[in-house]
Amino acid sequence: MVVNGGIVVAQSPLESIDVGQALTQSQLFAAIVRSSDDAIVGKTVGGVITSWNPAAERMYGYLAEEIIGQLMTVVCPPDRVGEIQEILGKIGRGESVTHFETVRRRKDGNTFPVSVTVSPIRDEHGRLIGASSIARDITEQKKLHAAAELARRADVLEGANRNLDSFTYSISHDLRAPLHALSGFSGILLEDYGDVLSGDGRDYAERIQSASARLAQLIDGLLDLSHLTRAELHPRTADLGAEVTRIAEDLQRAEPDRRVQFTIQRPVPAQADRTLIRTVLENLVGNAWKFTSHRDDALIEFGTTPAEDASLCCYVRDNGAGFDAAHAGRLFIPFQRLHTTSEFPGTGVGLASVRRIVERHGGQVWAEGAVGEGATFYFTLDAKEIA
Amino acid sequence: MSNRTILLVEDNPDDEALMLRALKKNNILNKVTVARDGAQAIEHLFNGPSADLPLPSVILLDLQLPKVHGLEVLRRIRADERTQAIPVVVLTSSRLQEDILKCYRDGANAFVRKPVSFSDFATAMNTFGMFWLHLNEVAAD
């Protein structure tokens, strides 16, 4: 056994050290305690400190002369004082506390993690006369442990990502393949046997066609969503107002007969991945366009609003169909739709994609609205927290 | 140009039937040989009883094939002097960037995702025939 400080103690110290010449046994033990790296503290059954070694001085920041006579609770954070009472209770019953991990407080008020062993001390008649407490600062140990835990989690995450990759792969191939047959052979029925099928027969074949087309869309939506989760982010400065203007022009060009008044704030500079943030805006503005389709006086507005803790808070507002605020939470869940496909077409992946992208940019997304009174979608971006 | 032949490597009998019909409907009357897994494709190209038969002018290759994966078939085609210049069109359900990248890196000439929609599929096969069997020049044997 080597004790820090250079004193070597053999298995049976009394055999190898000439006690008469050098140290008495109690002097020897005192030397061991003095040179220990662990804080060794003696206290009464009531918790009054009676001895305090140099390691305790270093660890807690109190000198022996200023703390002896005080209660052990001095080095305990206020919320853990109950612990000391519990430990003293055990000591009172003659029990020990071993390797108890807790937190202690230095003289300067800082706290640190410790592992504590407290044992009862008895006199030669077996009477309980106090307790010894040995505490070890486990800050470094905790750090190492946390680093190991982090590495383990990274491993688990990597495994999960690999699973997701192979899942994505089998979805893209295995689930799509049967769709070719559904769509293809129902198409052949219509094309080659349309004249011998009744009206109902043709209708059923057409239903198979559109159902398989829809399933193909849903599978692609799922693939896109998984891509958004894994795609690498390349943040740079983009003018969101300019992006929205381009999207509005595209929408107008695709449906020249629609009359929609756009109000777009410009410029709105933001740090974001250009491609992904464009997907966010395409979804939000595209939704506004879609859900105002039944109005002649459609209004769509893009702008920013002051935000407390985010560097940028944007919104897209429309005066369209809106939604029931009670179901607002479902809006961002994949494949959840608040409207039927015949009312408004869609796969239910758009807003789920929006949420995933915004969260990867360290932001949040939420919506306000009421049925028949339009909707406003907000999202925040915090360039510093891009993941 | 009708002496040009097609090798279709496709393990799914439904897809095979759809493909053959689409070719016929588009008046692509070239001879089509079907290999139903990767091993058959290699057998046909390299050790077939048809060593004296002309090699295909274009190969339509699925990726997810039993026995020998489509990418491996592609590598074998590109590694052999006799087959290295044959155009290979990868026709698959996948559109994973990794797959697309690997195919082009290993020498595919085109990567086409099988359209689910019946009419899109017919259009795709028409385009395929127009380009690979008419417009495109192949290297002489």
Side-chain angles (χ1 to χ4, degrees), chain A residues 161-194 197 202 204-232 234 275-276 345 347, chain B residues 8-27 34 36-38 60-73 89-103 111-126 128:
Chain A
N161 273 337
R162 265 197 305 274
N163 282 342
L164 191 67
D165 275 350
S166 62
F167 178 65
T168 305
Y169 195 93
S170 61
I171 280 191
S172 79
H173 188 270
D174 300 348
L175 292 190
R176 271 183 72 96
L179 285 178
H180 297 142
L182 291 179
S183 174
F185 292 112
S186 56
I188 293 173
L189 278 180
L190 285 166
E191 204 170 282
D192 293 358
Y193 304 94
L197 283 175
R202 282 194 298 277
Y204 298 150
E206 273 159 12
R207 282 169 190 261
I208 296 173
Q209 292 245 286
S210 54
S212 38
R214 175 148 182 85
L215 185 51
Q217 270 180 10
L218 292 176
I219 291 171
D220 284 353
L222 209 57
L223 286 175
D224 289 342
L225 209 54
S226 110
H227 175 72
L228 293 180
T229 310
R230 296 177 306 127
E232 231 175 273
H234 301 288
T275 316
L276 292 183
T347 53
Chain B
L8 169 63
V9 191
E10 173 62 71
D11 63 309
N12 185 322
D14 289 337
D15 280 0
E16 178 192 327
L18 289 169
M19 201 93 70
L20 294 178
R21 179 185 177 278
L23 291 171
K24 200 169 77 189
K25 280 277 171 182
N26 283 297
N27 283 316
V34 181
R36 295 192 174 84
D37 60 50
L60 271 170
L61 181 65
D62 191 9
L63 278 190
Q64 289 290 32
L65 292 168
K67 295 184 188 171
V68 181
H69 191 271
L71 275 173
E72 181 55 29
V73 175
V89 176
V90 173
L91 190 64
T92 172
S93 300
S94 167
R95 60 157 186 193
L96 290 187
Q97 286 306 308
E98 296 95 292
D99 279 346
I100 298 175
L101 198 66
K102 275 184 205 155
C103 283
F111 188 104
V112 178
R113 194 187 192 207
K114 293 176 192 164
V116 165
S117 143
F118 179 68
S119 57
D120 292 351
F121 182 69
T123 311
M125 292 321 291
N126 185 34
F128 162 82

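In this text the structure is predicted, and so the values were computed from the model without any measurement. Reminder, nothing fancy here: chain letters follow the sequence lines and each chain counts from 1.
- Between the CG atom of Leu182(A) and the CG atom of Asp14(B) there is a distance of 9.0 Å, given to the nearest 0.5 Å.
- Closest non-hydrogen pair, Val116(B) versus Ala216(A), comes out as CG2-CB, 3.8 Å.
- Rounded to the nearest 0.5 angstrom, Phe118(B) CZ and Leu189(A) CG are separated by 9.5 Å.
- Here CZ of Arg176(A) is found 3.5 Å from CZ of Arg113(B). Values are rounded to the nearest 0.5 Å.
- Within the 4.5 angstrom heavy-atom criterion, only side-chain atoms of Thr92(B), from C-beta onward, approach chain A.
- Only the side chain of Ala17(B) comes within contact range of chain A, with at least one heavy atom under 4.5 Å from a heavy atom of that chain.
- The side-chain heavy atoms of Asp192(A) and Arg21(B), taken from C-beta on, include a pair separated by under 4.5 Å.
- Closest of all the heavy-atom pairs between Ala177(A) and Asn12(B) is CB-ND2, 4.3 Å.
- With a 4.5 Å cut-off on non-hydrogen atoms, Ile188(A) touches chain B through its backbone and its side chain both.
- Within a 6.0 Å sphere centred on NZ of Lys25(B), heavy atoms belonging to other residues, nucleotides or ligands number more than 12.
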